[in-house]
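Bear in mind that the values here come from a model prediction, so they are computed numbers and not experimental data. These values consider heavy atoms only, across backbone and side chains, with no hydrogens, waters or symmetry-generated copies. Chain identifiers are assigned alphabetically (A, B, ...) following the order of the sequence lines, protein sequences preceding nucleic acid strands; residue numbering begins at 1 within each chain.
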Amino acid sequence: MTTFALCDCNSFYVSCERLFRPDLHGKPVIVGSNNDGCAVARSPEAKALGIKMGEPIFKIKDIIKRYGVTVFSSNYTLYAAISHRVMSTLEQFSPAVEVYSIDEAFLDLSHLAFIDSLKNYGFEIKSKVAKECGIPICIGIAETKTLAKLANHAAKQYPKTGGVVEINSEKIRERLLKCMPIDEVWGVGRKLTKKLQALGITTAYELANLPEKYIRQQFNVVLERTVRELNGESCIELEEHAPAKKQIISSRSFSKRITDQAELAESISSYMSRAAEKLRQQHSRAQQVNVFIRTSPFSDTPQYNCGGSFSLPHPTSDTRVLVHVAKGILDTIYKPGYLYAKAGVMLANISELSFDQADLFTPEIDTSKSQQLMTVVDQINRRFPKALFLASTGTNQGWQMARQHLSPNYMTDWAEIPLVRL
DNA sequence: TCTGGGGTCCTAGGACCC
DNA sequence: TCTGGGGTCCTAGGACCC
């Protein structure tokens, strides 16, 4: 029998910011998305003011002003460093941990399944993370990942639980499913919610009791798996080691509208450099390059939304080659006269370095030379971020995203000091 | 003025082959 | 010119997740 614990940090980005700003405890705080566009994290006090997840910040200007809501720009470097610390702490409690996202992890507790109740173990984990990392978390424990998710949701929603909920009996499972609306179920999104509601299914309990055959006919195998999981049959395994990415995307909205192709090319070059770096980090090469540019769907100016792709004769991870190709694609899709709001690149058809097919016409010396060069560039940039870049990336970058309310990099700026040594 | 970014998986449909 | 069926592979798009 399997047992999973889902540990999920409470309002993670906000908790990170508060760690260094204890004066903000008990006060409404939100963290914005890139470009300070939407609210992507909210303190409980901010939620109580009615600020919704993903709500555009310009729309809640009044609330922010009236109630003195503190706004932070996303400081991903800071959050990643704290996340790393939380995950290391969690790893002390289980032989197998799946880091599911920046703020949550599944712990395999199957080896403890013989114990009647793991609730106290949950509280132990929770207080250790609070003590060592200063981050509040909630924990859901159950036989399947989907049930653990649901238990976690209950732990968050009902303060009386103390932040830990365990499903360890049929009675508890039933009670929990009955009070959970279907849209809280992992794997049921907006569209499915609508479709299910139209059929009169409103709770997780009703969903769990639909016949499998019916689900298969009316929906698909994915929902069927969800239903099985709700009924205690574990179908989704723990993935301890993240598999290599099959596609790598790098894109951003600009801080201002762009019309000029040269400026677009700078942004494309910059995004592609980041994507290529990620590619090399996972020891892969890509063969297909995609580029897209688009105007803002929210403005009533003329719309243009276009992408193009190119397949290379040989997979590569060389930034110079990838940038060159991407700019070639931009040539073919760019149209003057539009107010561009966003651009991006995607690398696909990704293969492992070791699976490289030797080809009679691949200039072997060149590829190993390029690899050596890229390795050196990456090494230098790891120690001195953004020290080396292609000239085509530009130095002005007036399109770079806006981050008006950025907090200092408390963790990394300090943490880097001992790393600077030969 | 101002509306995030990065992923995965599944399915339907077209192209192509025998 | 019209008539068939069955299979694979690829791609685009939709749905989901955080």
Exercise for the section: Quick one: closest heavy-atom pair of A/Cys7 and A/Ile137, and the distance? Expected result: CB-CD1, 4.2 Å

Handout entry: A/Asp36/A/Arg403 ion pair, N-O < 4.0 Å
Key = no

Exercise for the section: Tell me which residues in residues 228-253 of chain A put a heavy atom below 4.0 Å from DNA chain B, sorted by number, or none. Expected result: A/Lys245, A/Lys246, A/Gln247, A/Ile248, A/Ile249, A/Ser250, A/Ser251, A/Arg252, A/Ser253

Practice task
Pick the C1' atom in B/dC16 and in C/dG4, then give their distance to the nearest Å.
Solution key: 16 Å

Problem - Partners passing side-chain contact (heavy atoms from CB on, under 4.5 Å) against A/Thr259 (at least two apart in sequence or in another chain) - result: A/Leu339

Handout entry: Close approaches to DNA chain B from residues 263-274 of chain A, in residue order (heavy atom, under 4.0 Å)
Key = A/Arg274

Completion exercise
When A/Val222 and A/Ser299 are each assigned the nearest nucleotide of DNA chain B, the 5'-most assignment goes to A/Ser299

Problem - Polar side-chain atom of A/Glu98 near backbone of A/Glu240 as donor-acceptor pair, under 3.5 Å - result: no

Handout entry: OG1-CG distance between A/Thr226 and A/Leu192, expressed to the nearest 0.5 angstrom
Key = 8.5 Å

Completion exercise
Note: A/Thr161 and A/Phe123 closest approach over all heavy atoms is O-CZ, 3.5 Å

Practice task
Before accepting this row, confirm whether a basic side-chain N of the pair A/Arg228/A/Glu212 lies closer than 4.0 Å to the acidic partner's carboxylate O.
Solution key: yes

Practice task
With sequence neighbours excluded, tell me which residues meet side-chain contact (heavy atoms from CB on, under 4.5 Å) with A/Glu229.
Solution key: A/Thr144, A/Lys145, A/Thr146, A/Ser234, A/Cys235, A/Ile236

Exercise for the section: May I ask you to check whether A/Tyr100 and A/Trp186 place their ring centers less than 6.0 Å from one another? Expected result: yes

Exercise for the section: For A/Asn220 and for A/Lys342, locate the closest nucleotide of DNA chain B by heavy-atom distance; then report the residue assigned to the nucleotide nearer the 5' terminus. Expected result: A/Lys342

Practice task
Only counting residues at least two apart or in another chain, list the ones meeting side-chain contact (heavy atoms from CB on, under 4.5 Å) with A/His241.
Solution key: none

Exercise for the section: Tell me yes or no: between the side chains of A/Ser407 and A/Asn75, is some donor less than 3.5 Å from an acceptor? Expected result: yes

Practice task
Scan A/Lys149 against the nucleic acid and name what it touches under 4.0 Å (heavy atoms): base, sugar-phosphate only, or nothing.
Solution key: sugar-phosphate

Problem - A/Tyr271 and A/Phe254 aromatic ring geometry - parallel, tilted or perpendicular at 30°/60° bounds - result: parallel

Exercise for the section: If the plane angle is over 60° it's perpendicular, under 30° parallel, otherwise tilted; pick one for A/Tyr79 and A/Tyr13. Expected result: parallel

Problem - A/Gln404 atom CD: more than 12 heavy-atom contacts under 6.0 Å - result: no

Handout entry: For DNA chain B, the dot-bracket pattern of Watson-Crick and G-U pairs whose distances stay under 3.5 Å, | for other-strand partners
Key = ....||||||||||||||

Completion exercise
residues 329-342 of chain A vs side chain to side chain donor-acceptor pair (under 3.5 Å), sequence neighbours excluded, gives A/Gln261-A/Asp331

Problem - Minimal non-hydrogen separation, A/Gly232 against A/Glu143, with atom names - result: O-OE1, 3.3 Å

Completion exercise
Numerically ordered, the residues 176-189 of chain A set in heavy-atom contact under 4.0 Å with DNA chain B is none

Exercise for the section: Check every strand shown and say whether A/Lys194 touches a base, only sugar-phosphate, or nothing at a heavy-atom separation below 4.0 Å. Expected result: nothing

Fill in the blank from the handout: Residues of residues 37-58 of chain A with a heavy atom under 4.0 Å from any atom of DNA chain B, listed by number, are A/Gly37, A/Cys38, A/Pro56, A/Phe58

Handout entry: First and last nucleotide of DNA chain C, 5' to 3', lying under 4.0 Å from heavy atoms of chain A
Key = C/dA15 to C/dC18

All N/O donor-acceptor pairs, side-chain side in residues 57-67 of chain A, below 3.5 Å, sequence neighbours left out:
none

Fill in the blank from the handout: So, with a heavy-atom separation below 4.0 Å from DNA chain C, the residues of residues 100-110 of chain A are A/Tyr100, A/Ser101, A/Asp103, A/Glu104

